[in-house]
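Encoded as structure tokens, the structure appears first; notes follow it.
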Amino acid sequence: MTRTTRNLAERQILKARAEGQLDGLQGEGQPLPDRSGEAMSDPALAAGHRIMAQAGVLPEEFTLKKELDAARADYSNLTDPAARKAAMARIAELEMRYNMARDARRSFMR
């Protein structure tokens, strides 16, 4: 960041503080959260993940993984051959959707 940009940013912060625009913000008076794990990652990606986490939103890949794990657990408890066949079809569908979502994320991240 250049000196001019730093000075401009600092002036804007001081102006906002003087006008009271920084009062009552979430987390005011608390220490900043430890984000040392994000130091080596892409800042835009880290910000996107943080925003999604704060909003309580999970990527489709994660929800599909949970559904897949639950379907596998249910399958292990079934004894009826017809029910096991239907459960296996459900597991296959969930695996396909999970792999598609994971591959889409990986190709997007490249």
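FYI, the numbering just counts along the sequence from 1. Hydrogens, waters and symmetry mates play no part in the numbers below; they use all other heavy atoms, side chains included. Worth saying up front: this structure is predicted, and the values here are computed from it rather than measured.
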- request: To the nearest 0.5 Å, tell me how far L68 CG sits from R90 CZ.
  value: 9.5 Å

message: Can you give me the closest heavy-atom contact between A73 and N77, atom names plus distance?
response: O-ND2, 3.4 Å

- prompt: Where is the tightest heavy-atom contact between L78 and A83, given as atom of each residue plus distance?
  reply: CD1-O, 3.6 Å

query: Hey, quick one: are Y98 and F62 part of the same hydrophobic cluster, counting side-chain heavy atoms closer than 4.5 Å, chains of contacts allowed?
result: no

statement: E95 meets the side chain to side chain donor-acceptor pair (under 3.5 Å) criterion, sequence neighbours left out, with R72

- request: Identify the heavy atoms of A101 and E60 that sit nearest to each other, and give their distance.
  value: CB-OE1, 4.3 Å

query: Within a reach of under 6.0 Å around CE of M100, are more than 12 heavy atoms found that belong to other residues, nucleotides or ligands?
result: no

- request: Look up atom CG in L8 and atom CZ in R3, then write down how far apart they are to the nearest 0.5 Å.
  value: 14.5 Å

- request: With rounding to the nearest 0.5 Å, note down the distance linking CD in E93 to CG in L64.
  value: 9.0 Å

Going by atom type alone, with no hydrogens or angles, which donor-acceptor pairs under 3.5 Å involve a side-chain atom of residues 14-24 and a protein atom two or more places apart or on another chain?
from: E19; atom 1: OE1; to: Q21; atom 2: NE2; distance (Å): 2.8

task: Give the minimum heavy-atom separation between E67 and L94, together with the two atoms involved.
output: OE1-CD2, 3.5 Å

- prompt: Tell me, do R50 and Q54 make a side-chain contact under 4.5 Å, heavy atoms counted?
  reply: yes

query: Do L58 and K66 touch side chain to side chain, with heavy atoms closer than 4.5 Å?
result: yes

message: Counting C-beta onward and ignoring hydrogens, is there a side-chain heavy-atom pair between R102 and K65 closer than 4.5 Å?
response: no

